[in-house]
Amino acid sequence: MPELPEVEVVRAGLAPAVTGATVEAVDVLDERALTRHPGLPSGFADELVGREIVAPVRRGKFLWMPLAGGDARALVGHLGMSGQLLLRAPGAPAERHERVRLFLLHPHHGELAVVFADQRTFGSLAIDALVPTADRAPGGHGADLAATPLMVAHIARDPLDPAFDENAFRRALARKESAVKRVLLDQTVVSGVGNIYADESLWAARVHPETPVRMLSARAVTRLLGELRAVLQKALAEGGTSFDAQYVNVNGQAGYFAHSLEAYGRGGAPCSRCGRPIQRVGFMNRSSHFCPRCQRLP
DNA sequence: GGAATAACCTGGATGC
DNA sequence: TGCATCCAGGTTATTC
């Protein structure tokens, strides 16, 4: 499931290959990949062909490639649960679940294809207008411009973003009545966190996922934020989390962070701190994993 | 207005 | 062996 580290690995992989490249042609094989595109699916290719791509940018789980020219538009991607952006030779055979293929011409690397494949079709591509950021800081990781696509404007900055406002994060927590895990998954409060890294950071900070967020002390919030950053950075260094073929980098290679997981996906296995079995419970139509001894409800 | 929930979707795993 | 059901979860629309 692509969360911040996985999307960042994809962004970093795309950057040298697509920056400065021109879109020569676009094949839309499945229009469900364009569900977030504000215009008609038929106009997607027309808007892209002939345009030069600027360096890719990421905020949270959203990825976008600004288009050169004066009209402030960008190709925006979200990988959903199973989306992949792959670099391929233009004549490479179709990927399983391939939805869109962009044919690019790069001034130094020549012709290449960017393939968007997505098994569960929760991911999408779109072309959207760029709007100024509210805090006037660069739009996200990899950005020079203080702008984001309109559809990303409501997404908070992620904890690894230098412009992440820790005080605003604390104020947002103080206003919430929900459980801490629900707030961590709220992309308008803090972005880039999904089920895996929410469970992992809560385990590391010894916080029960159902703890009402207003009951967390300032010290506990500091600890949680620190552990969240540490988990995300470690996952990034290890190339992200891959359980199966659902997440791979632009070359189709899996990440290694699944070997470092302490809570997520380890229901019934002993906690590495205390030995008690990790518990798995239903939460928000998905699963929460936590240690009942190390992570107690206040 | 904020919080909670359902729906979207596909393929692998499981049960019968 | 074949079919039916369950499960995974990010985002958003809908409901409370």
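The model shown is predicted, which means the values in this text are computed figures rather than measured ones. Throughout, protein chains are lettered first and strands after them, A, B, ... in sequence-line order, and every chain is numbered starting at 1.
When the P atom of B/dG11 is taken as reference, atom CE of A/Met81 falls 13 Å away, rounded to whole Å. Summarising the geometry, the separation between NZ on A/Lys61 and P on C/dT12 is reported as 11 Å, rounded to the nearest angstrom. The interatomic distance linking A/His37 (NE2) with C/dT12 (P) rounds to 16 Å, in whole Å. For the pair A/Arg96 CZ and B/dT10 C1', the interatomic distance rounds to 10 Å; values are reported in whole Å. With rounding to whole Å, A/His78 atom NE2 is found 15 Å from B/dC9 atom C1'. Following rounding to the nearest Å, A/Arg120 (CZ) and B/dC9 (P) show an atom-to-atom distance of 14 Å. Computed from coordinates, the A/Asn195 CG to C/dC7 P distance equals 15 Å when rounded to whole Å. In this structure, A/Gln119 places its CD atom 18 Å from P of C/dC7, rounding to the nearest Å.
Pairs passing the salt bridge (charged side-chain N to carboxylate O under 4.0 Å, His left out) check and including a residue from residues 48-69 of chain A, sequence neighbours excluded, read A/Glu8-A/Arg58, A/Arg51-A/Asp71, A/Arg58-A/Asp158.
If you check every strand for non-hydrogen atoms under 4.0 Å, A/Thr35 touches nothing.
In the set B/dC9, B/dG11, C/dG10, B/dC9 carries the atom at the smallest distance from any side-chain atom of A/Thr121.
Separating the CG atom in A/Leu102 from the CG atom in A/Leu75 is a distance of 6.0 Å, to the nearest 0.5 Å. Between A/His109 atom NE2 and A/Thr19 atom OG1 the span is 8.5 Å, to the nearest 0.5 Å.
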Produce a footprint string for nucleotides 1-8 of chain B: one letter per nucleotide, 5' end first; B if the base is under 4.0 Å from any protein heavy atom, S if only the sugar-phosphate is, - if neither.
--SSBB-B

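Electrostatic pairing of A/Glu210 and A/Lys181 does not count as a salt bridge here, judged by no charged N lying under 4.0 Å from a carboxylate O. The residues A/Glu31 and A/Arg99 are annotated as not salt-bridged, no charged nitrogen and carboxylate oxygen being separated by less than 4.0 angstrom.
Between A/His154 and C/dT11 there is no side-chain polar atom (N or O) within less than 4.0 angstrom of OP1 or OP2. Remark: A/Gln187 is in phosphate contact with C/dT11, judged by side-chain N or O atoms under 4.0 Å from OP1 or OP2. Between B/dG11 and A/His97, a contact under 4.0 Å exists linking OP1 or OP2 to a side-chain N or O.
The bend of the helix from B/dG2-C/dC16 to B/dC16-C/dG2, defined by the angle between the axes of its first five and last five pairs, stands at 50° to the nearest 10°.
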Would you list the protein and nucleotides 13-16 of chain C atom pairs, both N or O, that sit under 3.5 Å from each other?
none

Evaluate the criterion side chain to side chain contact (heavy atoms under 4.5 Å, CB included) for residue pair A/His106 and A/Leu112; output intermediate values, then yes/no.
CA-CA 8 Å; A/His106 193 279; A/Leu112 75 152; 4.2 Å; yes

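Panel note: side chain A/Asp199, backbone A/His289; a donor-acceptor pair is recorded below 3.5 Å.
Hydrophobic cluster membership of A/Met151, counting Ile, Leu, Val, Met, Phe, Trp and Tyr whose side-chain heavy atoms lie under 4.5 Å apart directly or via other members: A/Val57, A/Phe62, A/Trp64, A/Val76, A/Leu130, A/Val152, A/Ile155.
Residues passing the side chain to side chain contact (heavy atoms under 4.5 Å, CB included) test with A/Glu24, sequence neighbours excluded: A/Leu105, A/Glu111.
If you check the side chains of A/Arg120 and A/Ser82, you find no donor sitting under 3.5 Å from an acceptor.
You'll find the side chain of A/Phe44 reaches within 4.5 Å of the side chain of A/Leu125, heavy atoms only.
Aromatic ring orientation, A/Phe164 versus A/Phe169: tilted (interplanar angle from 30° to 60°).
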